[in-house]
Amino acid sequence: MASERYNPRESEPRWQAFWDKNRCFEATAEADKPKYYVLEMFPYPSGRIHMGHVRNYTMGDVIARFRRASGYNVLHPMGWDAFGMPAENAAIERGVHPASWTYDNIATMRGQLKSMGLSLDWSREVATCDPSYYRHEQAMFIDFMNAGLVERKVSQVNWDPVDHTVLANEQVIDGRGWRSGAVVEKRELAQWFLKITAFSDDLLKALDGLDRWPEKVRLMQKNWIGRSEGMRFTFELEDAHGKKLDDGLTVFTTRHDTIFGASFCAISADHPLARHLAEHDEDLQAFRREVAALGTSEETIEKAEKKGYPLGLYARHPFHKDVKLPVYAANFVLMGYGEGAIFGCPAHDQRDLDFARKYHLPVIPVVAPRGADPKTFTIGNEAYVEKDGEDTVLINSGFLDGLSVPEAKEKVAHRFEVEGIGTRKVNHRLRDWGVSRQRYWGCPIPVVHCEACGVVPVKKEDLPVKLPEDVKFDKPGNPLDHHPSWKHTSCPACGKPARRETDTFDTFIDSSWYFARFCSPQAAEPVTAEAARYWMPVDQYIGGVEHAILHLLYSRFFMRAMHKTGHIHLDEPFASLFTQGMVVHETFRTEAGDWVLPAEAVQKDGQWFHARTHEPLLVGGIEKMSKSKKNVVDPETIIAAYGADTARWFMLSDTPPERDIEWTEAGVEGAWRFTQKLWRLVTDVADLPRSAAVAAADGLELRRTAHRAIAAITDDLTNLRFNRAIAQLYALSNAVGAALASKEKSAALCAALREATEFLVLGFAPMMPHLAEEAWALLGHGTAVVNTPWPTPLAELVARDDVTIAVQVNGKRRDEITVAKGLKQAELEPLVLALEGVKRSLEGKAIAKIIVVPDRIVNIVCKG
RNA sequence: GCGGGCGUGGCGGAACGGUAGACGCAACGGACUUAAAAUCCGUUUUCCGAAAGGAAGUGAGGGUUCGAGUCCCUCCGCCUGCACCA
């Protein structure tokens with residue numbers, strides 16, 4: 001029958017209101033039900049949602065709806081990562097208050113997310129900029145202080161002398177501030193640090209237990225933590241006249257086996273020794289400035305030549321007391337790692353070799369391939385860095401000669417320890433987490449500086465330390481610092497006048513525990529033990545791989561710190577992690593080079609033109625959607641034109657979720673046509689006569705198809721293979737369409753059609769929830785799909801009783817045969833040999849053997 | 001430089017070591033229509049062939065196997081993470 005088109009514009013808001021009114025997605029802990037906590041990384045309220053959000057939240061929503069239907073008690077919350085620089089920039093540029101800018105954006109984006117039909121528990125919504133959220137952050141910080149997890153220390157920062165602010169490394173471009181363009185200075189500032197390094201080894205070891213995290217992410221974290229085992233030991237130092245200095249030079253190495261190959265020592269330009277000597281050495285001062293100037297841009301660092309400055313000091317070789325190693329300050333030694341000092345072994349380290357060649361230092365090979373002649377083995381322009389296995393051996397190394405690298409390391413380590421000049425030492429690349437920011441729009445750090453008492457934490461009963469609302473952004477620097485009264489307070493310890501800390505927290509702190517807060521968002525403590533025990537950990541976390549290191553590592557650290565201070569019972573917040581790909585799109589630009597929005601590009605005869613100016617456009621690469629390249633498609637426009645279901649369906653189709661998906665108009669059109677096709681199928685099936693005769697033979701094949709499809713979809717959704725689940729749904733809809741087309745429809749076929757269609761509707765409900773509700777009602781159900789359990793396929797319909805087996809001759813497919821399942825080789829052989837295709841290709845050949853893989857394949861191997 | 005991943009039709013992509021190309025998009029042919037859209041039916045890896053059928057085919061080369069897109073080795077290309085980490 002002719003049916004009306006499905007109209008998402010009318011239907012979608014109606015069902016959203018229905019779910020809202022019936023509080024379908026509000027979660028309450030129920031002890032007798034298995035819980036499932038699904039979470040997508042919460043958004044920054046930048047203003048409007050983008051396609052990346054649509055993809056992320058659609059995936060999470062499919063999981064949430066599928067799990068809910070499958071009998072889980074699902075928690076699926078949403079909130080806002082609401083502190084940060086863009087709000088302050090808006091205040092500076094447009095005079096809006098950061099709070100109103102942020103809350104306006106939240107209101108807009110909340111509305112946009114609601115129009116997507118997400119099954120979110122909005123009653124748990126949190127915004128990190130709300131004092132009811134950040135007060136707990138402040139309380140926990142004080143607990144962390146008491147637990148020894150907080151440190152205040154002087155560290156080097158990038159200082160923008162125009163904006164009067166500290167810049168993150170990412171904000172320094174070619175040595176200049178990204179906003180002001182001023183040449184960035186290095187400054188030393190007292191900053192707050194969270195001692196993430198206290199958990200270095202634990203954070204590293206526990207990665208092995210995260211077996212439902214992508215291998216890639218675990219590896220990135222492993223490299224970031226960067227554990228290396230080595231030795232710290234001290235050289236005796238003397239000056240050019242042979243006079244011994246009071247202090248020695250302590251270095252870190254992982255290659256103590258190569259100690260006999262040492263030909264110099266090098267220290268960082270920032271090493272205390274270099275600083276000390278520079279006080280009376282202008283050339284050294286100049287060298288230090290040169291190194292510091294180089295220190296900002298990665299590219300120049302990469303290309304920089306190895307350079308050193310001889311300090312006029314010499315280090316005594318620990319085992320060859322007559323050997324004196326010259327000591328340099330060098331541009332390739334980092335103060336931030338190890339001891340900021342090394343010994344150079346040019347033969348076995350490329351940097352040391354480059355340095356040695358430049359300054360004509362000896363290159364002494366001490367490791368060589370086993371069997372090489374120590375007298376003739378030499379090093380050219382490449383260091384010999386082999387160190388593993390039994391194929392390398394120590395040479396020119398006194399008491400180490402003939403040993404393997406690990407044996408030599410052990411022997412040197414032992415000797416250093418016995419002689420008291422060195423100890424074994426594990427070093428990590430991971431640095432403590434600097435959390436101070438000289439900004440307004442962040443969580444105030446809850447401490448007070450008192451002249452008498454020093455640094456004193458604010459009393460817990462005085463929390464939260466709220467941001468002042470009356471702030472001005474009229475001059476550069478931190479508005480909290482400029483505020484006339486806010487920072488003036490009294491000391492919590494002695495009561496005398498004191499100064500508030502005006503730094504605020506890095507916003508990564510806000511996002512390091514929000515998932516725990518969602519368990520009990522209104523609680524008087526950060527998270528209640530009861531709620532955490534029921535809901536945590538997050539069963540499925542979904543987000544972009546760009547957060548693979550910082551956010552996920554900080555969150556893992558924060559759980560441990562919260563555990564240590566009694567706020568939570570576990571260390572690992574995310575049991576399973578999924579990192580989805582980006583949304584990409586073609587780029588267009590005019591011949592003049594200006595980027596053009598896809599909405600303004602029209603295609604004619606295979607050429608692209610500007611819709612208004614009609615000038616021809618150049619089609620550029622397919623790249624991540626970004627405002628700068630204008631290759632963005634606004635989700636709101638798409639939802640208005642096609643509905644949320646179509647957008648959701650497209651996001652999940654075809655491309656595997658972990659890969660980048662290309663947004664195309666044709667793809668959206670295809671998804672739109674499919675929603676209409678589904679609607680037609682459902683209206684046609686709804687008109688069929690009802691029958692209870694489901695088991696009869698007429699409909700059997702369709703029933704099998706439907707039950708198998710649901711079994712496959714269940715499997716695919718469980719494993720987040722959305723694109724495959726969607727392929728199954730297409731196939732099932734094709735089967736329903738084909739059955740509908742048959743002229744004679746028995747009662748049994750009608751019943752099978754109805755069953756298959758209901759499976760289809762329930763099957764696509766997680767992806768297209770509005771259409772599913774509408775279809776479900778049309779099929780005559782008085783209850784909503786959200787309250788309908790996921791269909792259970794019948795095992796006897798999923799199982800196959802016959803099977804199609806491919807028949808190969810010498811590994812090439814020649815024929816196929818459909819037989820009863822479970823046939824043995826002896827029963828199968830005569831059937832197979834009688835096949836036409838097999839006989840043809842066996843002509844004149846002798847059978848050597850027949851390989852039978854039951855129910856799968858037969859391979860006839862023959863000669864001649 | 002070091003590490004990780006990926007190379008399959010015109011495109012997105014399917015394939016427990018067992019019939020390569022499921023499903024979708026696009027294209028082409030046909031039906032319906034005054035016409036278009038929508039819809040429906042069909043074709044679509046390449047080569048030979050009217051067809052039946054045959055040959056080749058998963059970046060290149062080699063290997064293991066009755067059988068390799070899948071496992072191993074060498075190479076090429078692309079993507080990605082870290083990057084002077086001692």
Side-chain angles (χ1 to χ4, degrees), chain A residues 2 5 214-224 226-228 230-231 251-256 258 265-266 268 294 298 301-306 330-334 336-345 348-352 354-355 382 385 427-430 545-546 548-549 649-650 653-656 658-662 664-671 673-674 676-677 680 712 721 723-734 737 741 804-817 836-837 840-841 848-853 855-862:
Chain A
R5 298 189 101 195
E215 188 59 38
K216 181 173 65 169
V217 174
R218 290 194 287 171
L219 202 77
M220 282 161 72
Q221 294 216 344
K222 188 178 168 225
N223 291 339
W224 189 260
R227 179 191 157 94
S228 55
M231 292 224 70
V251 300
F252 175 73
T253 181
T254 57
R255 291 300 303 273
H256 33 291
T258 64
C265 285
S268 164
L294 208 69
E298 270 185 20
I301 288 173
E302 190 177 340
K303 289 174 185 153
E305 193 184 355
K306 306 281 173 286
N331 63 351
F332 67 94
V333 181
L334 307 173
Y337 187 76
E339 300 296 321
I342 61 157
F343 77 81
C345 177
H348 306 292
D349 182 287
Q350 191 60 45
R351 291 158 301 169
D352 295 351
D354 295 345
F355 190 82
E382 284 195 24
V385 293
N427 244 323
H428 294 96
R429 213 187 71 106
L430 185 66
V545 73
E546 67 272 19
I549 296 176
W649 185 261
F650 175 76
S653 305
D654 298 346
T655 304
E658 68 277 11
R659 290 199 207 166
D660 291 350
I661 189 170
E662 189 191 350
T664 62
E665 191 66 18
V668 185
E669 290 284 348
R673 281 198 299 273
F674 186 63
Q676 295 299 340
K677 179 182 170 177
R680 279 194 306 278
R721 293 185 297 233
N723 57 319
R724 296 213 322 194
I726 279 185
Q728 296 289 347
L729 285 163
Y730 274 115
L732 179 57
S733 75
N734 289 342
T804 301
I805 294 176
V807 182
Q808 300 180 329
V809 175
N810 282 345
K812 283 187 189 300
R813 181 187 165 282
R814 293 301 175 192
D815 214 329
E816 64 178 34
I817 186 169
E836 277 307 313
R840 195 165 41 233
S841 50
K849 65 172 162 177
I850 301 179
I851 292 167
V852 175
V853 182
D855 298 337
R856 281 221 158 260
I857 204 161
V858 175
N859 191 10
I860 302 164
V861 186
C862 59

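Residue numbers begin at 1 in each chain, while the letters A, B, ... track the order of the sequences.
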Margin query: Base, sugar-phosphate or nothing for A:Val807? Non-hydrogen atoms, less than 4.0 Å.
Written below: nothing
Next item on the list: Could you check A:Thr804 against A:Arg721 and say which one's nearest nucleotide on RNA chain B is further toward the 5' end?
Entry: A:Arg721
Margin query: Say we look at B:G17 and B:C71: how far apart would their C1' atoms be, to the nearest angstrom?
Written below: 8 Å
Next item on the list: Could you work out the separation of B:G5 and B:C73 based on their P atoms and round it to a whole Å?
Entry: 12 Å
Next item on the list: Can you tell me, in whole Å, how much space there is between the P of B:G24 and that of B:C75?
Entry: 42 Å
Notebook entry, point to check: Between A:Phe343 and A:Gln676, who's closer to the 5' end of RNA chain B by nearest nucleotide?
Noted result: A:Gln676
Check: A:Arg813 has an atom CZ; how far is it from atom P of B:A55, in whole Å?
Finding: 12 Å
Next item on the list: Tell me what A:Phe252 touches on the nucleic acid: a base, only sugar-phosphate, or nothing, going by heavy atoms under 4.0 Å.
Entry: base
Check: Quantified in whole Å, what is the C1' atom distance between nucleotide B:C16 and nucleotide B:C28?
Finding: 37 Å
Notebook entry, point to check: A:Val333 side chain: which of B:C84, B:C25, B:A86 is closest?
Noted result: B:A86
Next item on the list: For A:Leu430 and B:A83, give me the distance from atom CG to atom P, rounded to whole Å.
Entry: 13 Å
Margin query: Without decimals, in angstroms, what is the distance between A:Asn331 CG and B:C85 P?
Written below: 12 Å
Check: Whole-Å distance between B:A37 P and A:Arg5 CZ?
Finding: 14 Å
Note to self: Whole angstroms only, please: what is the CD-C1' distance between A:Gln728 and B:A14?
What the structure shows: 10 Å
Notebook entry, point to check: What nucleotide among B:C84, B:G53, B:A56 has an atom nearest to a side-chain atom of A:Phe332?
Noted result: B:C84
Checklist line | Any residue meeting ring pair (Phe, Tyr, Trp, His ring centres under 6.0 Å) with A:Phe650, in chain and number order, not counting sequence neighbours | finding: A:Trp663
Next item on the list: Find the distance A:Ile850:CD1 to B:G18:C1' and express it as a whole number of Å.
Entry: 16 Å
Next item on the list: Could you let me know what B:C23 is paired to, Watson-Crick or G-U wobble, both distances under 3.5 Å, or none if it's on its own?
Entry: B:G12
Checklist line | Complementary nucleotide of B:U34, counting Watson-Crick and G-U pairs under 3.5 Å | finding: none
Check: So what does A:Asp354 hit on the nucleic acid, given a heavy-atom distance under 4.0 Å: a base, only sugar-phosphate, or nothing?
Finding: nothing
Check: If you look at every strand shown and take non-hydrogen atoms under 4.0 Å, does A:Asn859 touch a base, only sugar-phosphate, or nothing?
Finding: base
Notebook entry, point to check: Between atom CZ in A:Arg429 and atom C1' in B:A83, what is the gap in whole Å?
Noted result: 8 Å
Margin query: Would you call the rings of A:Trp649 and A:Phe674 parallel, tilted or perpendicular, taking 30° and 60° as the class edges?
Written below: parallel
Next item on the list: Look through every strand shown and name the nucleotide pairing with B:C71 as Watson-Crick or G-U wobble, where both distances are under 3.5 Å.
Entry: B:G63
Margin query: Base, sugar-phosphate or nothing for A:Arg814? Non-hydrogen atoms, less than 4.0 Å.
Written below: sugar-phosphate
Item checked: Any-strand Watson-Crick or G-U partner of B:G29, both distances under 3.5 Å -> B:C41
Check: Considering Watson-Crick and G-U wobble pairs with both distances under 3.5 Å, what does B:G81 pair with?
Finding: B:C2
Next item on the list: Tell me whether B:G7 sits syn or anti, counting syn as a glycosidic angle within 90° of 0.
Entry: anti
Check: Do side-chain atoms of A:Asn810 reach the backbone of A:Cys862 as a donor and acceptor pair under 3.5 angstrom?
Finding: yes
Margin query: Under a 3.5 Å cutoff, is there a donor and acceptor pairing between the side chains of A:Lys812 and A:Asn859?
Written below: no
Notebook entry, point to check: Quick one: salt bridge (Lys or Arg N to Asp or Glu O under 4.0 Å) partners of A:Glu215, sequence neighbours excluded?
Noted result: A:Arg218
Checklist line | Whether A:Asn223 side chain and A:Gly226 backbone form a donor-acceptor pair below 3.5 Å | finding: no
Item checked: Pairwise C1' distance for B:G62 and B:G13, with rounding to whole Å -> 29 Å
Check: When we call it a touch if two heavy atoms are under 4.0 Å apart, what does A:Asn723 touch: a base, just sugar-phosphate, or nothing?
Finding: sugar-phosphate
Next item on the list: To the nearest 0.5 Å, tell me how far A:Arg255 CZ sits from A:Thr253 OG1.
Entry: 8.0 Å
Checklist line | OP1 or OP2 of B:C85 under 4.0 Å from side-chain N/O of A:Arg351 | finding: yes
Check: Does any N or O in the side chain of A:Glu816 come within less than 3.5 Å of the main-chain N or O of A:Val807, such that one atom is a donor and the other an acceptor?
Finding: no
Notebook entry, point to check: Taking the side chain of A:Lys677 as its heavy atoms from C-beta onward, which of B:C40, B:C82, B:C25 lies nearest to it?
Noted result: B:C40
Next item on the list: For the side chain of A:Tyr730, starting at C-beta, report the closest nucleotide among B:G24, B:A38, B:U19.
Entry: B:G24
Next item on the list: Using the C1' atom as the reference point in each nucleotide, state the distance between B:G21 and B:G7 in Å, no decimals.
Entry: 16 Å
Checklist line | Integer-rounded Å distance: B:U39 P and A:Asn734 CG | finding: 13 Å
Checklist line | Exam field: side chain A:Arg429 to backbone A:Trp224, donor-acceptor pair closer than 3.5 Å | finding: yes
Any protein N or O atoms within reach of nucleotides 3-12 of chain B? Criterion: under 3.5 Å, listing atom names and distances.
residue	atom	partner	partner atom	Å
B:G12	O2'	A:Thr655	OG1	2.8
B:G12	N2	A:Asp654	OD1	3.0

Note to self: What's the gap between B:U8 and B:A68 when it is taken at their C1' atoms, as a whole Å value?
What the structure shows: 14 Å
Check: So what's B:G7 paired with, Watson-Crick or G-U wobble, going by both distances under 3.5 Å?
Finding: B:C76
Note to self: Considering every strand and a 4.0 Å limit on heavy-atom distances, what is the contact class for A:Val861: base, sugar-phosphate, or nothing?
What the structure shows: sugar-phosphate
Notebook entry, point to check: Hey, does the side chain of A:Asp815 reach the backbone of A:Gly837 with a donor-acceptor pair shorter than 3.5 angstrom?
Noted result: yes
Next item on the list: For nucleotides B:A27 and B:C11, find the distance between their P atoms and express it as a whole number of Å.
Entry: 15 Å
Margin query: The side chain of A:Ala727 is closest to which nucleotide in this list: B:A56, B:A22, B:C85?
Written below: B:A22
